[in-house]
Novice: 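Sending over a structure as structure tokens; questions will come in a sec.
Numbers restart at 1 for each chain; the letters A, B, ... are given by sequence-line order, proteins then strands.
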There are 4 protein chains.
Amino acid sequence: MNHIRTGNGDDERIRQRRKQIITAAVQLFSERGYFQTTVQDIADTAGISAGLIYQYFRDKEDLLLLAILDVLDSYTAEIPRAVEEIADPLDRCCMAFRAYCRVVDGRQASTILAYRSTKSLPYQQRQVIKNAERQTNQIIMGYIEACIESGLFRQVDSEIATYQLVMYAHAWALKQWQLARRMDLETYVNQGLDLFLHAMLTDAGWQHLHRNRPGDAR
Amino acid sequence: MNHIRTGNGDDERIRQRRKQIITAAVQLFSERGYFQTTVQDIADTAGISAGLIYQYFRDKEDLLLLAILDVLDSYTAEIPRAVEEIADPLDRCCMAFRAYCRVVDGRQASTILAYRSTKSLPYQQRQVIKNAERQTNQIIMGYIEACIESGLFRQVDSEIATYQLVMYAHAWALKQWQLARRMDLETYVNQGLDLFLHAMLTDAGWQHLHRNRPGDAR
Amino acid sequence: MNHIRTGNGDDERIRQRRKQIITAAVQLFSERGYFQTTVQDIADTAGISAGLIYQYFRDKEDLLLLAILDVLDSYTAEIPRAVEEIADPLDRCCMAFRAYCRVVDGRQASTILAYRSTKSLPYQQRQVIKNAERQTNQIIMGYIEACIESGLFRQVDSEIATYQLVMYAHAWALKQWQLARRMDLETYVNQGLDLFLHAMLTDAGWQHLHRNRPGDAR
Amino acid sequence: MNHIRTGNGDDERIRQRRKQIITAAVQLFSERGYFQTTVQDIADTAGISAGLIYQYFRDKEDLLLLAILDVLDSYTAEIPRAVEEIADPLDRCCMAFRAYCRVVDGRQASTILAYRSTKSLPYQQRQVIKNAERQTNQIIMGYIEACIESGLFRQVDSEIATYQLVMYAHAWALKQWQLARRMDLETYVNQGLDLFLHAMLTDAGWQHLHRNRPGDAR
DNA sequence: TATGAATGAGAGTTCATTCAT
DNA sequence: GATGAATGAACTCTCATTCAT
């Protein structure tokens, strides 16, 4: 009774089409918002007919869910890649944060999408998004906890600390118009790290930091 | 030429009606979002006819602008009131932050409204909202700068520090679902202050803090 | 059961108010058309409240009927006045035509009003307007028939001849944009009379004309 | 960007639909007037849904413009067809006038439409209509000028003469209710021609006329 | 597979009219 | 007599979704 081509199987053609449509949806939802984007717009941008969309997705809401997840997934993918060669837990944590901010900077509109449009979805699907966000957070949290366990960070609540970092990164997109007037991304990230490290570093942490990069607080 | 009753004059009846409509709009826009709320919904909630709304507001967009501004104004009003009797700059700054978080907690949905729906407005009106946000921030920033000038805080960029606090407060609403599982507002605020003070306090600041409230980091 | 102040009695105040409202209605209906004019517009132009109009007129349609009649009545009044001192039937007929064209020129918008908006009225009231038009026509027709009886005009159907003249005058308003490019009112009237007289004058008529104004075809 | 099916291409199906909708619009606008006709009415008459109309026309105003042009175009098309086999310039001119009156008689309501509703359009589109009217007039004017050049008509201003004829034809529709009581179309046309020819014919013209149809003034 | 013509429910908005003051 | 706040019906227009081809 379900005539939608889900691409769960291994049919590459189907997965291709779904990707093509979602890409258009992410772009338009991000630029204009969910309600200001019509299904026809998405079809045009994807270069297909409007009717075809309904053979790959249940409805417009479905498209929104998948679009948001697509963005969140890209976070989860890109951050570990940026730190994969860094062994030092403090460096790794800092670099992960920098990477996060860079991704947010490169996809400001999409970042905002999740904030703006999640509420437009029904409860069930909102949970799916929340889980995806949690996964990204888990990655960052892991890096922080490593620093705590190494004695470099104080014994704070790692989840709160994670949100602190995550929100700071997101804030770059959410308040872009206010922040961008005053500084560039580089400065913003450095100041954020400065605040964060002052709040987190133990004496041992400070020593570790100065040993690695003397005369630098970051 | 313009038949909208603006309430700019001193006609109390008109201001009353406008307030009544805006209150309904804030509530519904906050709960359901701008596009999912119909003008009829607002009229029903306000207990009037749909047509009457158009004698007080130009269109639905106008209603959104005023609704958002109404929320922001309440911030600007409530924070100074919470600290008006506190003379010590450090205490005042901390208390302002606590007040801010409390207001956000009491109006979670409305706080999110500004984040979700500002983009639905045209450029001109978006500027109006930005200015209103800036005003609220100015209040907080003043408190922070007082601490810097007193030598209690380090010489950081006060605007960034302000955003740090503001975003932390907003985050309580934006990520409510994730945070509320783990802690109550009280804990959240205390942890935030803890992070913030560690990042900001000078040695003099720490001494000042311990003299006032021995054995407390906040 | 009829609470409308008709002004049929001799209450001067009521007649004054009605005149004031109708004047505004004629102006606005003429300029913008019936449907594009709101009752509020009329009230504003008349300098009264919208509600008051309904104490003098049944509804907006009533206002339209009276507005059209007001225009037609002014025709019926102005034409005889323009020829009242002219005894010669041919001169009188020509002068009446000139007067008609002049009135139409001075009230182009109002003239068009009757053409555009009569159909917006229900049957019953359309008849009233037709009668009023007929009355104006009767005046012109009387002048034409006097010429026929004097042997100056051929024995044509006087009603058709009347319409010929009336339509020619109205055409100045109806097709203003096309005609005004090419000539002024004076030229237009002279050409019209030229055509008309060539069509109507008997040999006796031509002699009569040349005796009065040698070397002139009008 | 523009999702309206214009039918400018050679897609027959689209042109068909547009024709179907315009036909319904012409009928209803003519019968009831522009503002008294709802888009739903037009859809019902055309046997389609209201929404579909907006896939073929921008808005109701667009529909009005096209409806008026449709009527004017039919004039431009039908008149030349009625005289295409007539070589004699005088006969051709008379026959064109008869044809014009016949078309007006067959489409009285539509003829009035242009007079009533053109003003409801914005300036730009009013120009388009004026041009279309000018084109129809050009055809008649050509026939009149041929008569003047042949020496059959006096050297009058051909544009004025054209309006004389055109307005006389339109008058049959505009004042139908007054005229139809007194005569049928045939009589009306004959009387109009009688007036017109008396005004226009030279001596040579009269001889030409009597040679062709002895004992007839038309 | 893919199209795009067609539907129809529902939204925002206007405005003639009424009626308490 | 006069006001203008309030109503609510009606209208135009949009757009997600379906389905015959």
Novice: Please classify the nucleic acid contact of Y56(B) as base, sugar-phosphate, or nothing, using heavy-atom distances under 4.0 Å.
Specialist: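 Result for Y56(B) = sugar-phosphate.
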Novice: Would you please say whether a donor-acceptor pair under 3.5 Å links the side chains of Q127(B) and N131(B)?
Specialist: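 Short answer, no.
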Novice: Using whole Å, what does the distance between atom P of nucleotide dG10(E) and atom CZ of F35(B) come to?
Specialist: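 The distance from CZ of F35(B) to P of dG10(E) comes to 19 Å, rounded to the nearest Å.
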Novice: Can you check whether R17(C) has a side-chain N or O nearer than 4.0 Å to OP1 or OP2 of dA2(F)?
Specialist: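 Answer yes for this pair, as a side-chain N or O of R17(C) is under 4.0 Å from OP1 or OP2.
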Novice: Between the side chains of R17(D) and Q20(D), is a donor N or O closer than 3.5 angstrom to an acceptor N or O?
Specialist: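 There is such a pair between these side chains.
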Novice: With a 4.0 Å cut-off on heavy atoms, is I48(B) in touch with a base, just the backbone sugar-phosphate, or nothing at all?
Specialist: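 The answer is sugar-phosphate, as I48(B) gets under 4.0 Å only of primed atoms, P, OP1 or OP2.
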Novice: For nucleotides 17-21 of chain F, tabulate all protein N/O to nucleotide N/O atom pairs closer than 3.5 Å, reporting atom names and distance.
Specialist:
from	atom 1	to	atom 2	distance (Å)
dT17(F)	OP2	Y54(A)	OH	2.9
dT17(F)	OP2	K60(A)	N	3.0

Novice: How does DNA chain F look in dot-bracket notation if pairs are Watson-Crick or G-U with both distances under 3.5 Å, crossing ones as [ ], other-strand ones as |?
Specialist: .||||||||||||||||||||
Novice: Taking the six-membered ring for Trp and the single ring otherwise, decide whether the centroids of Y115(D) and Y115(C) are under 6.0 Å apart.
Specialist: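 No.
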Novice: Quick one: does V39(D)'s side chain get under 4.5 Å of Y54(D)'s, heavy atoms only?
Specialist: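 Yes, at least one pair of side-chain atoms sits under 4.5 Å.
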Novice: Rounded to the nearest angstrom, tell me the gap between atom CG in D41(A) and atom P in dT14(F).
Specialist: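 D41(A) atom CG is separated from dT14(F) atom P by 13 Å.
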Novice: Charged N to carboxylate O under 4.0 angstrom, D41(A) versus R32(A)?
Specialist: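 Yes, charged N to carboxylate O under 4.0 Å.
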Novice: Please say whether the positively charged group of K119(A), taken as NZ for Lys or CZ for Arg, lies over the ring of Y34(A), i.e. under 6.0 angstrom from the six-membered ring centre and within 45 degrees of the axis.
Specialist: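 Ring-cation test returns no.
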Novice: To the nearest Å, how far apart are I4(D) CD1 and dA6(E) P?
Specialist: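 Result: 15 Å.
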Novice: Examine dT1(E): is either OP1 or OP2 under 4.0 Å from a nitrogen or oxygen in the side chain of R5(A)? Give yes or no.
Specialist: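 Answer is no, no contact under 4.0 Å.
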Novice: Without decimals, in angstroms, what is the distance between D44(B) CG and dA11(E) C1'?
Specialist: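 Value for this atom pair: 14 Å.
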Novice: What integer distance in Å separates I42(B):CD1 from dT7(F):P?
Specialist: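 Result: 15 Å.
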Novice: Start at the 5' end of DNA chain F and walk down; is the nucleotide closest to I53(B) or to Q36(A) reached first?
Specialist: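 It is I53(B), whose closest nucleotide lies nearer the 5' terminus.
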Novice: For L28(A) and dA16(F), give me the distance from atom CG to atom P, rounded to whole Å.
Specialist: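 Taking atom P of dA16(F) as the reference, CG of L28(A) is at 12 Å.
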Novice: Measure from CG on D62(A) to P on dA16(F) and round the result to the nearest Å.
Specialist: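 Spelled out: CG on D62(A) to P on dA16(F) is 14 Å.
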Novice: Considering every strand and a 4.0 Å limit on heavy-atom distances, what is the contact class for T38(D): base, sugar-phosphate, or nothing?
Specialist: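 Sugar-phosphate contact only - T38(D) comes under 4.0 Å of backbone atoms but never of a base.
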Novice: Could you give the CD-to-P distance, from E12(D) to dG4(E), as a whole number of Å?
Specialist: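 Value for this atom pair: 18 Å.
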Novice: Is the charged tip of R18(B) near the ring of Y56(B): under 6.0 Å from the six-membered ring centre and within 45° of its axis?
Specialist: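 The answer is no; the distance or angle limit is not met.
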Novice: Among I22(D), T6(D), I4(D), which one satisfies side chain to side chain contact (heavy atoms under 4.5 Å, CB included) with F57(D)?
Specialist: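 Result: among I22(D), T6(D), I4(D), I22(D) is the only option passing the side chain to side chain contact (heavy atoms under 4.5 Å, CB included) with F57(D).
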Novice: In terms of side-chain geometry, is the basic nitrogen of E133(C) or K130(C) positioned less than 4.0 Å from the acidic oxygen of its partner?
Specialist: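 Between K130(C) and E133(C) there is no salt bridge, as every charged N stays at least 4.0 Å from the carboxylate O atoms.
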